[in-house]
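Reading through the structure tokens given below for one structure.
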Amino acid sequence: MIICKTREQIAKMRDAGKIVAEVLALMEEYAKPGISTAELDQIAEAHIRKSGAVPTFLGYGGFPASICASINEEVIHGIPRSDKILQAGDIISIDVGATFRGYVGDAARTFPVGEISEEDARLIRVTEESFFEGLKQAVAGNKLGDISHAVQKHVEKNGFSVIRDYTGHGVGQKMHEDPSVPNYGRSGKGPRLKSGLTIALEPMVAAGHYSLRTLRDHWTCVTRDGSMAAHYENTFAVTDGEPEILTRL
């Protein structure tokens, strides 16, 4: 069931989203060569709790950390570890959720670690751009497929591929609500967008083929061909006018 939110509920999600945005700003600051993903997780959890919120990911389905930290060919769900040390030339995708006063904010970014290749920088840029191409279609009266199609079109015209095994989603009092929001599809299809709908749109993009495999930890998903991957996500609300991003400072 798709749940549209009231203005008061969206205000609560805005507060949760601010905390998430602050965490991602910290992740960008600290994601430097020599730091472990476990240290990044500790920094993120400390800020979430200091802000009066709860790490949404911690314990969700058994996930053991407050952030997903996915390096290079790791697409999503990378488990932070003390022995996973960032190296110059890596790219790292950080996904984080915070629950504040009963509502969830959810967002992700991919950051360069030191100097990276031009192609990896382009992958990060195109992934971010594809989110905003999808966001342009997040207008009341449009169809959900309009968002999905816009994301896919931008990614593929730039020579990359959209991950199909995982999607964006509705978000609110729960991290995963209806509807599922694929990053590919046909325009004019799917449910009609209404004011108050809150969505976590999250393009996941591979430099090579979109097929994935899951590592033995049962969480970390990597590109099957070993190609680099990037991730960009915001929670936003459909309004009677322009959509409002809820996970930006």
Side-chain angles (χ1 to χ4, degrees), residues 2 13 16-17 19-21 23-24 27-28 44 55-57 60-61 63 66-71 73-78 91-99 104-111 123-138 144-156 158 160-172 174-185 190 193 197-207 210 212 214 219-223 228-238 243-248:
I2 296 175
M13 292 184 66
I19 295 167
V20 168
V23 171
L24 288 172
M27 296 296 95
E28 183 174 22
T56 311
F57 293 5
Y60 187 88
F63 190 75
S66 298
I67 64 171
C68 298
S70 307
I71 301 171
E73 75 278 6
E74 296 173 353
V75 181
I76 50 171
H77 302 160
I91 62 174
I92 181 169
S93 298
I94 303 287
D95 194 355
V96 60
T99 303
V104 174
D106 184 11
R109 301 285 187 273
T110 300
F111 302 116
L123 173 66
I124 293 172
R125 175 177 56 79
V126 168
T127 303
E128 178 177 350
E129 289 171 353
S130 71
F131 168 87
F132 287 99
E133 289 299 312
L135 189 69
K136 291 176 184 177
Q137 302 300 318
L144 188 67
D146 298 335
I147 297 174
S148 302
H149 178 74
V151 171
Q152 180 182 15
K153 181 179 178 182
H154 187 75
V155 169
E156 292 180 351
N158 281 281
F160 300 128
S161 63
V162 172
I163 301 303
R164 285 159 165 73
D165 290 3
Y166 294 90
T167 70
H169 48 89
V171 61
K174 297 179 180 179
M175 182 165 64
H176 292 109
E177 296 183 351
D178 291 333
S180 176
V181 187
N183 296 303
Y184 63 96
L193 305 178
L197 177 60
T198 48
I199 286 174
L201 176 64
E202 50 180 319
M204 294 156 271
V205 178
Y210 57 75
L212 305 181
T214 303
W219 282 103
T220 309
C221 293
V222 302
T223 55
M228 300 290 258
H231 187 189
Y232 189 93
E233 175 186 22
N234 280 305
T235 299
F236 70 85
V238 178
E244 180 190 357
I245 295 178
L246 303 174
T247 46
R248 292 173 90 182

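From a predicted model like this one, the values you see are computed outputs, not experimental measurements.
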Checklist outcome for this item: Closest heavy-atom pair, Pro182 versus Ser148, reported as atoms and distance to 0.1 Å, is O-OG, 2.6 Å
Checklist entry - For Tyr166, what residues pass the ring-ring contact (aromatic ring centres under 6.0 Å, His included) criterion, not counting sequence neighbours? => result His77
Next on the checklist: On a heavy-atom basis, which atom in Asp95 and which in Phe57 lie closest, and how many Å separate them?
Outcome noted: O-CE2, 3.1 Å
Checklist outcome for this item: Residue set satisfying side chain to side chain contact (heavy atoms under 4.5 Å, CB included) with Thr110, at least two apart, ordered chain then number -> Ile91, Ser93, Ile124, Ala230, His231
Checklist entry - Taking the side chain as C-beta and beyond, is there a heavy-atom pair between Ile147 and Leu201 under 4.5 Å? => result yes
Checklist entry - Are side-chain N/O atoms of Thr247 and Thr235 paired as donor and acceptor at under 3.5 Å? => result no
Checklist entry - Considering residues at least two apart in sequence or located in another chain, which fulfil the ring-ring contact (aromatic ring centres under 6.0 Å, His included) criterion with His154? => result none
Item to check | Any side-chain heavy-atom pair of Cys68 and Phe63 under 4.5 Å | outcome: yes
Next on the checklist: Nearest 0.5 Å, please: how far is CZ in Phe160 from CG in Leu123?
Outcome noted: 5.0 Å
Next on the checklist: I need the Met13 CE to Thr99 OG1 distance, nearest 0.5 Å.
Outcome noted: 10.0 Å
Next on the checklist: Using 30° and 60° as the class boundaries, would you call the ring planes of Tyr232 and Phe132 parallel, tilted or perpendicular?
Outcome noted: tilted
Checklist entry - Between Glu133 and Lys136, is there a salt bridge with N-O shorter than 4.0 Å? => result yes
Checklist entry - Atom CZ in Phe131, atom CD1 in Ile245: separation rounded to 0.5 Å? => result 4.5 Å
Checklist entry - Which atom names give the shortest non-hydrogen contact between Val151 and Gly134, and what distance separates them? => result CG2-CA, 3.9 Å
Checklist entry - Just how far is it from atom CG of Asn234 to atom CG of Leu135, taken to the nearest 0.5 Å? => result 8.0 Å
Item to check | Candidate list Asp106, Leu24, Thr127, test side chain to side chain contact (heavy atoms under 4.5 Å, CB included), partner Glu233, passing option | outcome: Asp106
Checklist entry - How about Asp165 and Cys221: do any of their side-chain heavy atoms sit closer than 4.5 Å? => result no
Checklist entry - For the atom pair CD1 (Ile163) and CD (Glu202), what is the distance rounded to the nearest 0.5 Å? => result 11.5 Å
Checklist entry - Where is the tightest heavy-atom contact between Gly105 and Ala16, given as atom of each residue plus distance? => result N-CB, 3.6 Å
Item to check | For the student: nearest non-hydrogen atoms of Val75 and Ala229, plus distance | outcome: CG2-CB, 3.7 Å
Next on the checklist: Give me the atom names and distance for the closest heavy-atom approach of Ala200 to Val171.
Outcome noted: N-CG1, 4.0 Å
Checklist entry - Under 4.5 Å between any side-chain heavy atoms of Val126 and Pro203, yes or no? => result no
Next on the checklist: Strictly distance-based, threshold 3.5 Å: is any side-chain N or O of Glu244 a donor or acceptor partner for the main-chain N or O of Ala237?
Outcome noted: no
Checklist entry - How many angstroms lie between atom CD1 of Ile92 and atom CD of Glu74, to the nearest 0.5 angstrom? => result 8.5 Å
